[in-house]
Amino acid sequence: MSLTDWIVLGVTLLTIVIYGVWKSGHSKNIDQYLMGSRSLPWYHVGLSVMATQASAITFLSAPGQAYSDGMRFVQFYLGLPLAMIVLCVTFVPIFHRLKVYTAYEFLEQRFDLKTRALTSFLFLVQRGLSTGITIYAPSIILSTILNINTVYTTLFIGGLVIFYTVYGGTKAVSYTQLLQMSIIFSGMFLAGILVVYLLPSGVGFTHAIKLAGKLGRMNVIDWKFDPNNRYNIWSGIIGGFFLQLSYFGTDQSQVGRYLTGSSIGQSRLGLIMNGLVKVPMQFLILLIGVLVFAFYQFNRPPMFFNQYEVNQVKKSAYAGEYSKLESQYSTVFEGRKNKANSLIKAFDSKDNTQITQAQDALKTADQQATDLRKQAIAVMKKNNPKANEDDTNYVFLTFVTHYLPRGLIGLLIAIIFLASMGSTASALNSLASTSVVDIYKRIINPGATDRNYLNASRLATIFWGLVCVLMALYASKVGNLLEYVNKLGSYIYGTILGVFVVAFYLKKVRGTPVFIAAIITEILVCILGYFEVVAYLWLNAIGCILVIIIAILLNPLFPSRRKF
């Protein structure tokens with residue numbers, strides 16, 4: 001990066017931290033620290049909810065996902081608006097009325113302590129693992145691009161977030177996320193414009209979209225029902241609905257964001273804003289990936305985007321074999337580029353026969369390039385069987401660092417940091433609140449002072465920050481990070497959601513049946529996920545439904561001891 005980019009990066013990050021600490025003030029009690037005194041307006045709530053979900057993984061992996069697999073991932077979010085409606089009607093008013101700090105407090109009031117403790121534990125496991133990956137995402141990639149050791153980028157991101165989260169609590173998180181999302185929206189919008197601007201003369205936005213569509217990248221909607229297909233409209237609306245409902249309704253990292261709203265109405269407006277904006281936002285981020293795909297039809301892409309793995313094979317005994325493949329790839333690319341130009345001319349001619357012929361020729365050339373990539377990956381695997389063969393996380397940042405102007409590179413890399421910081425800060429705040437409120441305050445030290453709980457919250461934030469940083473430092477390679485985080489959540493979210501659905505709607509079902517049902521369900525879901533019996537999104541619906549059915553069946557075996 002140039003000096004200008006380093007200055008932009010440094011100033012952006014420092015501004016965020018200073019602004020958050022200044023606006024948050026000094027927390028005097030646990031309510032201010034964890035809930036921001038429940039005083040934030042709807043737009044703060046909405047942007048904070050969005051920033052918590054839109055981690056660095058979103059901006060690193062989503063364009064790469066679209067580059068390699070097309071637009072179909074957007075169907076993952078189709079259940080989100082419906083989930084927001086259910087949350088606004090059911091979850092929000094109950095949580096606000098009870099003045100809870102965490103979602104799991106309600107479960108003790110409805111059931112018993114062991115059910116509350118179990119759901120809290122499941123959340124801590126899932127969110128702790130996910131947050132480690134959230135920190136790891138920008139660290140491993142930026143370390144390669146900036147030529148900095150992974151340890152330093154991980155410690156830098158983790159240390160920065162721990163500092164302002166510990167100092168300011170949830171207000172610092174919310175205020176920084178407000179500014180973060182403004183910068184992120186601006187930066188991604190500029191990136192999208194520049195992709196189109198950098199296309200060759202005579203190739204416009206419409207040409208790029210048509211070309212990508214002819215190569216299967218504009219596959220926005222898939223109506224075919226297939227339980228083994230990860231992304232179609234049915235898995236998106238049904239499985240995605242259960243995942244989004246559980247994530248926003250039972251995951252403390254999200255519940256903690258909208259509980260900071262000054263009223264039920266403000267929290268509802270924030271969630272409605274998220275439901276209306278999130279799907280178009282994700283569509284546009286994926287569209288940038290499709291435009292980058294079109295851009296690379298006319299500009300030679302790396303044969304493999306992860307330069308770390310490329311450098312490893314070039315230092316090995318297989319360097320000659322790999323270089324030969326690169327030479328062949330360059331030749332094939334020139335042929336593909338000519339075919340892409342021919343297709344653009346065919347579009348302008350509006351001759352369907354000519355378009356079909358040019359499309360077939362381009363598909364053949366593209367398949368040749370794909371085959372060479374597969375051979376290159378095979379060479380890398382021969383050199384190192386543990387080599388990471390998924391380079392989708394590197395696609396967008398490779399484009400950014402090679403083609404965008406000075407200053408904007410620093411801004412977009414700052415966006416990666418900001419997204420990571422925003423989601424990580426929310427996660428740390430939620431992990432701390434769950435640890436203190438659901439475990440420390442309820443089980444370990446019930447009668448302590450507010451000052452004691454405030455200090456415990458800060459210590460818990462530091463503890464979970466260190467745990468997540470350590471997990472990030474030792475995180476293994478998991479392929480596309482965006483998919484992996486959602487897959488990880490799908491193992492647990494359905495079970496937790498099922499417990500809450502029973503709590504809200506099945507008043508006669510008691511605590512012990514639900515507790516047993518949750519344990520049985522979690523075991524079954526893990527088995528189904530491990531053996532990949534169905535696509536991972538369906539695990540959310542299966543988990544929720546299993547908890548409900550098993551709890552109803554077990555309920556007659558446990559007589560009532562108290563009334564709710």
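Residue indices begin at 1 and follow the sequence shown.
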[atom1]/[X] to [atom2]/[Y] distance, rounded to the nearest 0.5 angstrom?
X      : Y      : atom1 : atom2 : answer
Leu286 : Arg217 : CG    : CZ    : 13.0 Å
Asn232 : Asn219 : CG    : CG    : 11.5 Å
Ser457 : Tyr440 : OG    : OH    : 9.5 Å
Ile549 : Ile520 : CD1   : CD1   : 12.5 Å
Tyr493 : Leu497 : OH    : CG    : 11.5 Å

* Cationic tip of Arg72 above Tyr231 ring, under 6.0 Å, 45° of axis -> no

* Without hydrogens or angle criteria, can the side chains of Glu522 and Thr495 be said to hold a donor-acceptor pair below 3.5 Å? -> yes

* Asked: Just checking, is any N or O donor in the side chain of Asn540 or Tyr491 under 3.5 Å from an acceptor N or O on the other one?
  -> no

Listed pairs under 3.5 Å, donor-acceptor, residues 82-91 side chains, sequence neighbours left out:
unit_1: Thr90; atom_1: OG1; unit_2: Tyr505; atom_2: OH; d: 2.8

When you compare the side chain of [Y] with that of [X], does any pair of heavy atoms fall below 4.5 Å?
X      : Y      : result
Pro93  : Arg268 : yes
Arg116 : Arg442 : yes
Val514 : Asn555 : no
Leu271 : Ser267 : no
Asp251 : Ser246 : no
Asp222 : Ile233 : no
Gln75  : Ser235 : no
Arg373 : Asp391 : yes

With distance as the sole test, does [X] use its side chain to make a donor-acceptor pair with the main-chain N or O of [Y] at under 3.5 Å?
X      : Y      : value
Lys381 : Ala387 : yes
Arg127 : Ser430 : no
Tyr453 : Val436 : no
Trp234 : Asp226 : no

Considering all heavy atoms of both residues, which atom of [X] and which atom of [Y] are nearest to each other, and what is their separation?
X      : Y      : answer
Ala212 : Val290 : CB-CG1, 3.3 Å
Thr131 : Ala427 : OG1-CB, 3.1 Å
Ala518 : Leu118 : CB-CD2, 3.7 Å
Val525 : Ser490 : CG1-O, 4.1 Å

* Just do the ring-ring contact (aromatic ring centres under 6.0 Å, His included) check on Phe515 and Phe558 with the steps written out, would you? => CA-CA 12 Å; Phe515 178 80; Phe558 297 89; over 10 Å; no

* Hey, is Lys114 close enough to Asp112 for a salt bridge, meaning N to O under 4.0 Å? -> yes

* Can you label the angle between the Phe76 ring and the Phe73 ring as parallel, tilted or perpendicular, going by 30° and 60°? => parallel

* **Pairwise ring-ring contact (aromatic ring centres under 6.0 Å, His included) hits with a residue in residues 114-134, at least two apart** => Tyr104-Phe123

